[in-house]
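Here is the structure we will look at.
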2 protein chains.
Amino acid sequence: MALGTEYDRQGCYLARALEVVGERWTLLIVRDCFYGVRRFSDLRAHLDISRAVLSARLDTLLDAGVLTRDDSGGHPEYLLTEAGRALWPVIYTLSKWGEHHTSGSHPTRIFSHAACGTDLDDHGDCPTCGHAPDPGELIVRPGPGHNPMRRSDRVARALEQPHHLLTPLDTRESAPERASRS
Amino acid sequence: MALGTEYDRQGCYLARALEVVGERWTLLIVRDCFYGVRRFSDLRAHLDISRAVLSARLDTLLDAGVLTRDDSGGHPEYLLTEAGRALWPVIYTLSKWGEHHTSGSHPTRIFSHAACGTDLDDHGDCPTCGHAPDPGELIVRPGPGHNPMRRSDRVARALEQPHHLLTPLDTRESAPERASRS
DNA sequence: CATATTTGGTCTGGTGAACAGACCAAATTG
DNA sequence: CAATTTGGTCTGTTCACCAGACCAAATATG
């Protein structure tokens, strides 16, 4: 935020957190970063967000130290910092709340602990190991509520396969007409 | 949200949750409800939010089933429903994130488990009891980072004393000149 | 290598939301 | 009963968001 009206004088750190991640789109962008989305165009393809706003949000997240920008290879890549990865519990609990307390509720995505294969509980803990794994130790896969018709961009398609969080997501289409047909 | 552009086609329930609690001010209002704030004027006094926007947010939260409105006694009171109380982990983890990952970080408020007196850890668990207490079993009190100068409205003053979450907060001033002086 | 396309943005104009503040009826206080 | 508080609604103005035009650099294609 930092723009317009600052509601940071609230004594509570909740307000501070909301200044960083409380704006429209911001948490969805961060969630996509957990999924391994790293590039501007992929974020746009998955979120249907205007270029100007995406650019502004990325700048805010860079300033806040939630993301870093890696310009080493051709097109820039946006990566979560440690502060960004610390947002995982927020995203997970909010997502679970949405699952339980909004209409219709079959999970669209399921998270499991890579080390033991167990699905996480509602608190984000691994029931087998008895603690909350770091997001980098998790695997996402589509759940029973998943409806592939809902979104059909390249990021959504890539996420139809189980994927290790925080590892880069391959959004290059698998060339349906050219390869494997010859 | 439901207004303007719906970003509910995201396959993820995170987007659904954000439609309800992702708008400006909404989570701060819900947090105040946990603190025991129940009335329109008290929310306004504590949050410095415009009347029109507070009114709109309360309507959204009522529609979403996060709050109920009790008109039984004179002025209306807004109370958290079960769905609303289920937002506690979201508020706690987001607040903790703000505490650790924004500048300056001494907790402004500390939460402890009423049953055993132990302070909660960063996950919202009671270290003594080994699980996360319901918010109704918690006590808030000012922490070392608390700066009473920052806000001096009647709600902030009432919260300078330890207070049981979800129980009504008494915001009537303690009449500094009239009582206890005679 | 020349050209076409994709990528990663910036910069408009138009529209909807937030803000400060006026206004008002009902409830409460004195 | 009069004054004040409460719980709103209704302005006009400012600000954020959106769609879409535009553009330079990087990449892909012939």
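These values consider heavy atoms only, across backbone and side chains, with no hydrogens, waters or symmetry-generated copies. Computed from a predicted model, the values in this text were never measured in an experiment. The chains referred to below are lettered A, B, ... by the order of the sequence lines, with proteins before strands, and numbering in each begins at 1.
Across its full length, the helix from C/dC1-D/dG30 to C/dG30-D/dC1 shows an angle of 30° between the axes of its 5 terminal pairs at either end, rounded to 10 degrees.
Salt bridge annotation for A/Arg157-A/Glu160: absent, with no cationic side-chain nitrogen under 4.0 angstrom from a carboxylate oxygen.
Contacts of B/Ala56 with the nucleic acid, taken as non-hydrogen atoms under 4.0 Å apart, are absent.
Between A/Val53 and B/Leu58, the residue whose closest nucleotide on DNA chain D is further toward the 5' end is B/Leu58.
Distance B/Leu47 CG to C/dA20 C1': 17 Å, rounded to the nearest Å. Remark: C1' of C/dT28 and CD of B/Glu77 are 15 Å apart, rounded to the nearest angstrom. Between the CG atom of A/Asp48 and the C1' atom of D/dC17 there is a distance of 14 Å, given to the nearest Å. Atom CG of B/Asp71 and atom P of C/dA25 are 20 Å apart (whole Å). Between A/Ile49 atom CD1 and D/dA16 atom P the separation is 15 Å, expressed in whole Å. Rounded to whole Å, atom C1' of C/dC11 lies 16 Å from atom CG of A/Leu54. Rounding to whole angstrom units, NE2 of residue B/His75 and C1' of D/dT4 are separated by 11 Å. Between A/Leu62 atom CG and C/dG8 atom C1' the separation is 14 Å, expressed in whole Å.
No hydrogens or angles were tested; on distance alone, nothing pairs the side chain of B/Arg51 with the base of C/dG21 as donor and acceptor under 3.5 Å.
The salt bridge (charged side-chain N to carboxylate O under 4.0 Å, His left out) search around B/Arg141 returns B/Asp119, not counting sequence neighbours. For B/His101, the ring-ring contact (aromatic ring centres under 6.0 Å, His included) criterion is met by B/Trp97, not counting sequence neighbours.
At least one side-chain nitrogen or oxygen of B/Arg69 sits closer than 4.0 Å to the OP1 or OP2 atom of D/dG8. Side-chain nitrogen and oxygen atoms of B/Trp25 include none within less than 4.0 Å of the OP1 or OP2 phosphate oxygen of C/dA17. For the OP1/OP2 pair of C/dC19 and a distance below 4.0 Å, the side-chain nitrogens and oxygens of B/Arg24 include at least one atom meeting the criterion. In this structure, B/Tyr78 reaches the D/dG8 phosphate: one of its side-chain N or O atoms is under 4.0 Å from OP1 or OP2.
At least one side-chain heavy atom of A/Arg31 sits less than 4.5 Å from a side-chain heavy atom of A/Leu47.
Residues of residues 33-42 of chain B having a heavy atom closer than 4.0 Å to DNA chain D, listed by number: B/Arg39, B/Phe40, B/Ser41.
Using cut-offs of 30° and 60° on the angle between ring planes, the pair A/Phe111 and A/Tyr92 is perpendicular.
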Table please: side-chain donor-acceptor pairs of residues 131-140 of chain B below 3.5 Å, with sequence neighbours left out.
| residue | atom | partner | partner atom | Å |
| --- | --- | --- | --- | --- |
| B/Glu137 | OE1 | B/His113 | NE2 | 3.0 |
| B/Glu137 | OE2 | B/Asp134 | N | 3.4 |

Hey, can you pull the donor-acceptor pairs under 3.5 Å for the side chains in residues 75-83 of chain B, sequence neighbours left out?
| residue | atom | partner | partner atom | Å |
| --- | --- | --- | --- | --- |
| B/Tyr78 | OH | B/Arg69 | NH1 | 3.4 |
| B/Thr81 | OG1 | B/Gly65 | O | 2.5 |
| B/Thr81 | OG1 | B/Val66 | O | 3.1 |
| B/Thr81 | OG1 | B/Ala83 | N | 3.3 |
| B/Thr81 | OG1 | B/Gly84 | N | 3.2 |

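With 3.5 Å as the limit, one finds no donor-acceptor pair spanning the side chains of B/His123 and A/Asp125.
Side chain of A/Ser55 to main chain of A/Arg51: no donor-acceptor pair is present (N/O by atom type, distance under 3.5 Å, no hydrogens or angles).
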